[in-house]
Amino acid sequence: MKYKVHFIKENCSYEAEEGMRLLDAAIAAGITPDAPCGGMGKCGKCRMIVNGREVLACQTTVKEELYVSICTEEKENIKILRTGLGRAVPCVPGVLPGDVAEPLLAAVDLGSTSVVGYLLDGKSGELLGVQSMLNPQSQFGADVVVRSSYAMEHGADKLSHCIREAVDSLLGRLAESCGHRKEDIVRVVMAGNSCMHHLFLEIPVDTLVMAPYVLKVKEAVSRPASDCGIRIHPQGTVYWLPNIGGFVGADTTACILAAEFDEREELTLMIDIGTNGEMVLGNRDGYSACSTAAGPAFEGAKITCGMRGSTGAIDHVQWTDGKLAYHVIGEGEPLGICGSGLLDAVACLLRTGQIEESGRMEETCYFTPEVYLNQKDIRELQLAKAAIAAGIQLLCRQRGVRPEEIRKVLLAGAFGNYLDPKSACRIGMIPAVLQDRIVPVGNLAGQGAQIAALCAEEYERSRRLASRAEFLELALNPGFQDVFVDELEFEEAQQQEILRQKALKLGFSYAAYLDCGTLSLLQEVRDMCKANTCGMYGKNKACPPECGTLEECRQRVKQYHWGILLQTVGEIEDSFDFEGMVEVEAEHKKHFAALIKELHDSYPDMLPLGCGCCTVCTKCTGPGEECRFPEKRISSLEAYGIMVSDLCSKNGLSYHYGPGHIAYTSCCLLA
């Protein structure tokens, strides 16, 4: 028996066999519901309202006539990254069909989550337009492993057909939006990971998803567009850039091409973070590439209230005035949290101690009653971040270098473009020493595909680049599991907590993690020093102007990523109890000197900033004379132009503790 299933928002119906899953009925009706887990009932994302009741479509069978509303975010509002690094190349595409007066070229970045198309003038090379859409294969699973499993179990026809139709439709919309005919497109250059490559070209994926993870086709491929279901010029051709190995596909080749790894002098790490994490490390002397199964956590899948970066998603979180503050895409009420917001939130919760270094969470963190992070979400993030971190460590081993030797980090992809590098480093996904070397480069794969479409020599160059890449298969690497397990913990959080406890044992009233990104060096604070209320301006080597110009102070501070903020709070009789103030200040300085002594061996390059003027010597050397103990000299926060009350507020500490109390504040900045 058959029953009609009415999809209300989509204004369409499908006649389903009794017992058919609602998810399959939706797919058969031409709808692309979210099913990150591939319909296994694990992710909870395929929620639908059926005859007034909320259900999971993958767990619901058709037994009667149904009226269905799909509970997913509005896909047209999802942020899909289109731009890239930008590298000019000459427009020399080679031989094109001669019957087109104004030939058009196209480049397509076929990602697991999104598809981006670029239309280019075949004569001038001008970028005419960009269009994007979600990859409709998401209805068969969020990641390539789940999709490949679906293809092996049910056949790849559905996956191949839907992505070919999607690319064909995208090219049509792209040409129309620019006032051109789709039939004038004569060449399409495509980049995508190995699984997307195989599924698009109808190449079996069985050897790709089982050890030893061998590609059926690595070389660059060209086929008549009509053979791929792409309805452009009758003589139009689809070109795929070459794959490298395993899950390191043509998209990574496109990134290497755009970033010109064969000409880079400085040691460079490129990370393209998406459902998978592809990485390349090296320079013109050689480079290695790997792919790590970061999982779809960064794109909202497997996170209880996770969603893609669309309207209603919390995309950034910060700790302000003792509480979590967040930003929502579209400025409305939060509907969920996307990957960049997830990283920020966990980084903040690590700072406050609500998440331990092991990842254990004290209690669920609520942004609203409906949007929250729980222990399961933290574990999912740990798995994803550990996969990326382990990949970086093993690439360094492969190249025989240390992470600190990397001079530049190119962060590619949508997630990489929107995340806060400080949060990525704070949770240990990227080594902290690299924080100031991170450069977001946008859709690097899309840029590489455009370059190859515009210039025949660059397309040939992509072949050489791919063949030269040293492929590292992490899944078969004997050291991967150990490194991965080590990277599961939040190492910096552990260091923070050790330092915090050490400071409290020494006698400080409060100690907190210090985010060096919150340091603002202000001229107006230096001007207060110049007013010379304390009488030390120009007389103390640690005070202005002897401690250096404000710009010199800024350059020193720039070397540091994090630190520890310290306070001693004492009681005084009233605001005129100068004797009581001096006693509390002396106690604070005693604790500070003891902490500096303890930290010296572990952090020899730390920068301590204290309260009040330097008191290492009973009397400071006079004008024109050198400081007697420059290695012990301690400038104050104010000497560096830092407003202490503002710094405390941004890092979760109070500054005013009410009548009868006074607080003295210092910090140690740590590389």
Side-chain angles (χ1 to χ4, degrees), residues 321 514-560 563-570 572 574-593 596 605-651 653-657 661-670:
D321 296 328
L514 170 61
D515 178 357
C516 289
T518 64
L519 291 168
S520 297
L521 279 61
L522 307 173
Q523 185 60 50
E524 50 263 43
V525 178
R526 288 290 291 257
D527 289 343
M528 286 191 277
C529 280
K530 196 171 182 179
N532 203 21
T533 306
C534 66
M536 289 295 169
Y537 186 83
K539 295 182 180 179
N540 191 297
K541 299 297 180 184
C543 293
E546 295 281 347
C547 66
T549 66
L550 193 62
E551 185 54 34
E552 288 171 338
C553 291
R554 284 197 182 102
Q555 291 304 315
R556 287 182 208 133
V557 167
K558 274 179 66 175
Q559 303 173 46
Y560 300 92
I564 185 165
L565 191 60
L566 308 148
Q567 269 190 348
T568 302
V569 180
I572 54 175
D574 52 41
S575 56
F576 297 100
D577 183 7
F578 298 113
E579 187 177 333
M581 295 178 193
V582 170
E583 287 180 4
V584 179
E585 182 181 9
E587 182 185 358
H588 178 79
K589 287 189 172 182
K590 182 180 77 174
H591 301 330
F592 196 44
I596 291 170
D605 297 322
M606 68 179 166
L607 176 61
L609 295 174
C611 64
C613 64
C614 180
T615 53
V616 171
C617 302
T618 306
K619 183 179 180 182
C620 196
T621 54
E625 297 179 20
E626 294 294 325
C627 175
R628 299 187 193 94
F629 305 103
E631 72 284 355
K632 294 183 180 180
R633 181 174 59 200
I634 299 174
S635 294
S636 68
L637 287 160
E638 292 88 350
Y640 269 59
I642 297 168
M643 185 73 73
V644 178
S645 58
D646 180 60
L647 184 66
C648 290
S649 173
K650 288 178 178 176
N651 289 278
L653 287 185
S654 296
Y655 180 70
H656 298 289
Y657 289 88
H661 293 85
I662 190 167
Y664 287 91
T665 305
S666 299
C667 72
C668 286
L669 304 187
L670 309 167

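Quick note: residue numbers are just sequence positions, from 1.
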Inset, instruction - Mind checking side-chain contact (heavy atoms from CB on, under 4.5 Å) for Ile634 and listing every partner two or more places apart, or none if nothing turns up? - result: Phe592, Ile596, Pro608
Legend entry - side-chain hydrogen bond (donor to acceptor under 3.5 Å, both in side chains) involving Ser666 - partner list, sequence neighbours excluded: His588
Inset, instruction - Decide yes or no for Leu669 and Cys516: does some side-chain heavy atom of the first lie under 4.5 Å from some side-chain heavy atom of the second? - result: yes
Inset, instruction - Output all residues satisfying salt bridge (charged side-chain N to carboxylate O under 4.0 Å, His left out) with Glu638, sequence neighbours left out; order by chain, then residue number. - result: none
Inset, instruction - Drop me the distance from Phe578's CZ to Glu583's CD, to the nearest 0.5 angstrom. - result: 14.0 Å
Inset, instruction - Considering non-hydrogen atoms only, spot the tightest contact between Thr518 and Leu514 and give its length. - result: OG1-CD1, 4.0 Å
Legend entry - Within residues 514-532 or reaching into it, pairs that qualify as salt bridge (Lys or Arg N to Asp or Glu O under 4.0 Å) - sequence neighbours excluded: Arg426-Asp515
Inset, instruction - State which residues pass side-chain contact (heavy atoms from CB on, under 4.5 Å) with Val569; sequence neighbours excluded, sorted by chain then number. - result: Ser509, Tyr510, Gln567, Tyr657, His661, Ala663
Legend entry - Minimum-distance pair of heavy atoms, taken over all atoms of Cys648 and Ser654: CB-O, 3.9 Å
Legend entry - Heavy-atom side-chain contact between Leu566 and Thr665 under 4.5 Å: no
Inset, instruction - With the side chain counted from C-beta on, respond yes when Lys590 and Glu585 share a heavy-atom pair under 4.5 Å apart, and no when they do not. - result: no
Legend entry - Leu607 and Tyr640, any side-chain heavy atoms less than 4.5 Å apart: yes
Inset, instruction - Could you check if a side-chain atom of Leu550 sits within less than 4.5 angstrom of a side-chain atom of Gln523, using non-hydrogen atoms only? - result: yes
Legend entry - Partners meeting salt bridge (charged side-chain N to carboxylate O under 4.0 Å, His left out) with Arg554 (sequence neighbours left out): Glu551
Legend entry - Distance in Å, Cys613 SG paired with Met536 CE, rounded so as to fall on 0.5 Å steps: 4.5 Å
Legend entry - With Ser649 via side-chain hydrogen bond (donor to acceptor under 3.5 Å, both in side chains) - residues at least two apart: Asp321
Inset, instruction - Taking all non-hydrogen atoms of both residues into account, name the closest pair between Ala639 and Cys543 and its distance. - result: CB-CA, 4.5 Å
Legend entry - Exam field: side chain Asn532 to backbone Tyr537, donor-acceptor pair closer than 3.5 Å: yes
Legend entry - Non-hydrogen side-chain atoms of Leu647 and Leu519 separated by less than 4.5 Å: yes
Legend entry - For Lys632, all residues meeting side-chain contact (heavy atoms from CB on, under 4.5 Å), sequence neighbours excluded: Val616, Phe629
Inset, instruction - State, with a plain yes or no, whether a side-chain heavy atom of Val525 is found less than 4.5 Å away from one of Ile642. - result: no
Inset, instruction - For Asp646, enumerate each residue passing the salt bridge (charged side-chain N to carboxylate O under 4.0 Å, His left out) test, keeping only those at least two apart in sequence or located in another chain. - result: Lys650
Inset, instruction - State which residues pass salt bridge (charged side-chain N to carboxylate O under 4.0 Å, His left out) with Glu631; sequence neighbours excluded, sorted by chain then number. - result: none
Inset, instruction - Kindly write out the residues that satisfy side-chain contact (heavy atoms from CB on, under 4.5 Å) with Glu552, not counting sequence neighbours, or none if the list is empty. - result: Thr549, Arg556
Inset, instruction - Grab the two heavy atoms, one from Cys667 and one from Leu565, that are nearest each other, plus how far apart they are. - result: CB-CD1, 3.9 Å
Legend entry - Within-4.5 Å side-chain heavy-atom neighbours: Lys589 and Cys611: yes
Inset, instruction - Output the distance between atom OG (Ser645) and atom CG (Leu653), rounded to the nearest 0.5 Å. - result: 12.5 Å
Legend entry - Least distance between heavy atoms, Cys627 atom then Arg633 atom: CB-NH1, 3.5 Å
